[in-house]
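Computed from a predicted model, the values in this text were never measured in an experiment. Quick note on labels: first sequence line is chain A, next is B, and so on, each numbered from 1.
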Amino acid sequence: MGKKVLTVSLILAMLLAVAVGPQTLKAKTQEEFKEWKMHGPYWDYILFTVITEPDAQYLALKKGEIDQMLWYIPTEQVDDAMTDPNIAVATTGDAGYFYLAFNFRKAPTNDLAFRKAIAHSIDKERIVSVLLKGLGVELWSVVPPLFYGEWSNPDVPTYEYDPQLAKQILLDAGWTYKDDKWYMPNGEECPPQEIITPSYDPVRVQAGVLIAEAAQSIGLPVTSRAVEFSTLVDLAFGDPATGAPPEFDMYILGWGLGVDPDSPYYFFHSSQDAPFGSNTPGIKDPELDKALEDMFYKMTKEEVLAALYKAQKIIAEQLPYAPLYERLAVTGARNDTWTGHVNVAGSAFGLGDEMSAYGTKYNVHLRVEKGGPFGGTYRVAMLDDMKTQNPIVMYPLGTVWDAAVLDLIYETLITIDPTNPARDIGVLASDWKMEPHEWMPGKKGMKITFKLLDNVTWHDGVPFTAEDVKFTVEYGQKHRVPELLPAIEYVYKIDTPDPYSVIFYCNVTKYWALHDLGGIYIIPKHIWKDIEDPMVYPNDHPIGTGPALWVKRVPGEYVLLRANPTYYRSARLARERKILQEVTVLSQEIETLSQTISTMESDIASLKDTVSSLSSTVWASIFIAAISLLIGLGAIALSRRKP
Amino acid sequence: MGYSEYIIKRLVYSFIVLFIVVTLNFIIFMIMPGDPVKIMIGRLSEPSSIALLRERFGLDKPLWEQYILYIRNMFTLNFGFSFITYRPVSEEIIARLPNTIVLLGTSTIIAALIGIILGVYAAVKRGKSIDVFVIGVGLFVYGLPVFWIGMLLLFFLGFRLGLFPLYGSTSRPPPTDPVLYVADFMWHLALPLTTLVFILFGGWALFTRNTILDILTEDYVITARAKGLKESHVLFRHVLRNALLPITTRMGLSLASIVSGATLTETIFSWYGIGRYIYDAAINQNYPALQGTFFMIAVVTIAANFIVDLLYGVLDPRVRVGE
């Protein structure tokens, strides 16, 4: 028995050594950081510490006081970070893009030839290399490729920087150039045109100046003016409160985008050229509208992708926007103590959005030589304090920092592959299906079925079921939560045929509904059912299903979370389960071996008996033989004696 | 006019000023360009979301109704809910106020003490090298950008030498022992405090020097010296006593800045204070937060002025009798 225990202990120790050994922690190059698993976390605690100055964050990272920045490394520090062996640097496309918009409501910006001429006056290479110091890429589509991957159409028309070609395009379109003045095809002189830029961003201010100067070089009366941001917003979007329409020729702004590439519908569909709409150029193109509607309302990914490609092509041809650049996010983390960082598309190392929980924070672990992979406190710097702990008002109130924390507490049904934005992966759902469904006779709708995991519990131990999912959506509808409402208002019925299945019946057909519904934080019914006003509920101690448990928040200072020991995707539990399986197999083998040994022992015993009995027989035989011999010899001797 | 009559008069004036300030506080935000709801939820929002938020924050009501509601709320210290966090503004202000008062209060007092001592010394030694030095240093530090000083201290004392922490008002998490907690807080206070003292003392030194020099040329000082009084007696009994009036005024005005925070210093050192709160609120057009903080600053400023007025009455009897 004692030997068996010793043997099992030795095997256990060997398995542990294998589990934490270098085999699972291979060295990575800076370009990689793509290896990730749906198991985590490895740390004991995660500390989100507020450092409001990016330079101070970087100094803290250099000094080893934090392990990761949740913000960009200041541009002037990037070279230093690149050469520091203790800092891993990741770059990826920013979640958004910057563009020059044209006003279709007035001449000459409503003339395609003029827009093309301006497009050929944009030196994107110079903007990226000089103004952005190389931390960006030239952009041609309104679906930026670095962030959206395969959703971006790589074959849209491009406009090389060539002011002389711009001049020729105008002349070919019936414009005339006389006495240093341009005349439009209708004979009127080209009125002065202005590019408005936001004064707070020197890159966009300088880009406006560069474009204006290039246009001026061929005689176009284009100037650039920097204005205060809210003034620019009012000029570009108009003011629905006062009924003031958009009032601009051209402007440069940027968009921060969500994980779905459906924004072109909001920016370019004719229905959005209205108060509160975002079609600021005022483009109204039936072919584009059709493509955008297909992109927005078709049910399969293939149909949506084809429509989105077509829309991108038309937009690049018609130029309501001339996309300028996609910024590169450069961020850093200590790699002397921790490893396992994941470079998330759109947010290097998980800058904070739906994807981040499955990126770095989920996979990062202590190096073996530091006692890893389990344990430790992972320290992450946030540029600002959390705005809210309430997942219901995460949108619209939340920031990337709120998301970074709440993503570890609350979970969604599905999310997006951190390394491939076009691929969905399950979180609380194990499977999902979209089917056509008539919500009224002759009216097209759809139903979305989610199969849920059956081994999930809330942090307080209550089992998670389909009722929680149903409650979350109905609760949002009942309380008319802004921003959440557009994602759920088309659900007219929810069925829960069993505790781990939920069916949403929708009165629209829309591929993105999968992400709308699948991307909502699910809240526990047993806690929230009694909350009367979810908008102002402080949610002092958040309870979710996620990988981390809430410990403490000191406003303005830090948020501390602890690894959820019973998390259904826990790396520790997974490892323990694996070890347990191995141990079980080995125990069985030992048992079999023991049985074999026992059998052999009994065989040996019987053999001994046999041998023993054999030896007695042999002695008896020898004795008999000897007696016989003696008798024989005696007989011989007696027979030889003469009478 | 008696002293009590003087006090009542100043009190009435203070309330009138407060009412005007509070009204202006409302008008300024209403005429500001931009829409807080749009900034709050971004441009991609559905009209239904925007309408819901307008309703929730009372922005759909007529302006006069908003004004009456606002006045009532201000004078009952109900500053409403923040547009950004949906949390009560009063709660958010109270959470930040202690840090701001400690940082700004301490730095103002230390800077004033250093500045006054240097100013008096420079004035007494007028034209000598120490005077030139004080003027030079005073002008130099007074003109330095606080951001630059802060980053410099952070880099050399915090990063290079590792003498002080790089961020926050306490360690994260802080020590649980109360004595260690206070020590930890002081350690974190050192760099932002030094930055502010560095920036502020020059102004105090120059101001005090000029005030003393003005008084030194007064007839009564010449008379006192002519009477053969000791220079220290002249300085402390005749010059400094009269210099107290402008210094008290300046100190009173500085009191208001103690609650208004120091945005840049707070940002550099990640100090959780009112300055950053005001800055964030202004960027996000968070009217309730701005109105709440401005109301608080206005009340403290008016109260400080009132106290200064009362002290004037004590320091200079001519004031209370209306001469």
- Message: Could you walk me through whether Phe155(B) and Leu59(A) satisfy the side chain to side chain contact (heavy atoms under 4.5 Å, CB included) test, starting with their C-alpha distance in whole Å, then the side-chain angles of each, then the deciding distance to 0.1 Å, before giving a yes or no?
- Response: CA-CA 8 Å; Phe155(B) 185 76; Leu59(A) 292 180; 3.9 Å; yes
- Message: Before you tell me yes or no, could you show the steps for Asp280(B) and Asp384(A) under side chain to side chain contact (heavy atoms under 4.5 Å, CB included), namely the whole-Å CA-CA distance, both residues' side-chain angles and the distance that decides it to 0.1 Å?
- Response: CA-CA 10 Å; Asp280(B) 287 343; Asp384(A) 203 355; 4.0 Å; yes
- Item | Worked check of side chain to side chain contact (heavy atoms under 4.5 Å, CB included) between Tyr167(B) and Glu65(A) | CA-CA 10 Å; Tyr167(B) 51 86; Glu65(A) 289 187 4; 3.4 Å; yes
- Would Ser169(B) and Glu557(A) satisfy side-chain hydrogen bond (donor to acceptor under 3.5 Å, both in side chains), going step by step from the backbone distance to the final call? CA-CA 8 Å; Ser169(B) 55; Glu557(A) 301 284 341; 2.2 Å; yes
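The main-chain N or O of Val50(A) is found under 3.5 Å from a side-chain atom of Arg172(B) such that the two form a donor-acceptor pair. In this structure, Thr85(B) contributes its side chain and Thr388(A) its backbone to no donor-acceptor pair below 3.5 Å. Under a 3.5 Å cut-off, the side chain of Lys63(A) and the backbone N or O of Arg160(B) do not form any donor-acceptor pair.
For Glu92(B), no part lies near chain A; criterion is any non-hydrogen pair under 4.5 Å. For chain A, the nearby part of Arg276(B) is the side chain; its heavy atoms alone come within less than 4.5 Å. With a 4.5 angstrom heavy-atom cutoff, Phe147(B) touches chain A only via side-chain atoms. If you measure heavy-atom distances from Pro173(B) to chain A, the contacts under 4.5 Å come from both the backbone and the side chain. Heavy atoms of Ile51(A) lying under 4.5 Å from chain B belong to its backbone as well as its side chain.
The greatest number of non-hydrogen atom pairs below 4.5 Å with chain B, out of Ala381(A), Pro538(A), Ala60(A), is found for Pro538(A).
How far CG of Leu166(B) is from CD of Gln57(A): 11.5 Å, rounded to the nearest 0.5 Å. Atom OG of Ser270(B) is separated from atom OH of Tyr558(A) by 15.0 Å, given to the nearest 0.5 angstrom. Atom OG1 in Thr52(A) sits 12.0 Å away from atom OH in Tyr272(B) (nearest 0.5 Å).
Applying the 6.0 Å contact sphere to OH of Tyr67(B) captures more than 12 heavy atoms from other residues, nucleotides or ligands. Counted within 6.0 Å of CZ on Phe198(B), heavy atoms from surrounding residues, nucleotides or ligands total 12 or fewer; the atom is thus considered open. Sparse packing is recorded around OH of Tyr279(B), with 12 or fewer heavy atoms of other residues, nucleotides or ligands lying under 6.0 Å away. Atom CD of Glu76(A) sits in a crowded spot, with more than 12 heavy atoms from other residues, nucleotides or ligands closer than 6.0 Å.
Asn390(A) places none of its side-chain heavy atoms less than 4.5 Å from the side chain of Tyr86(B).
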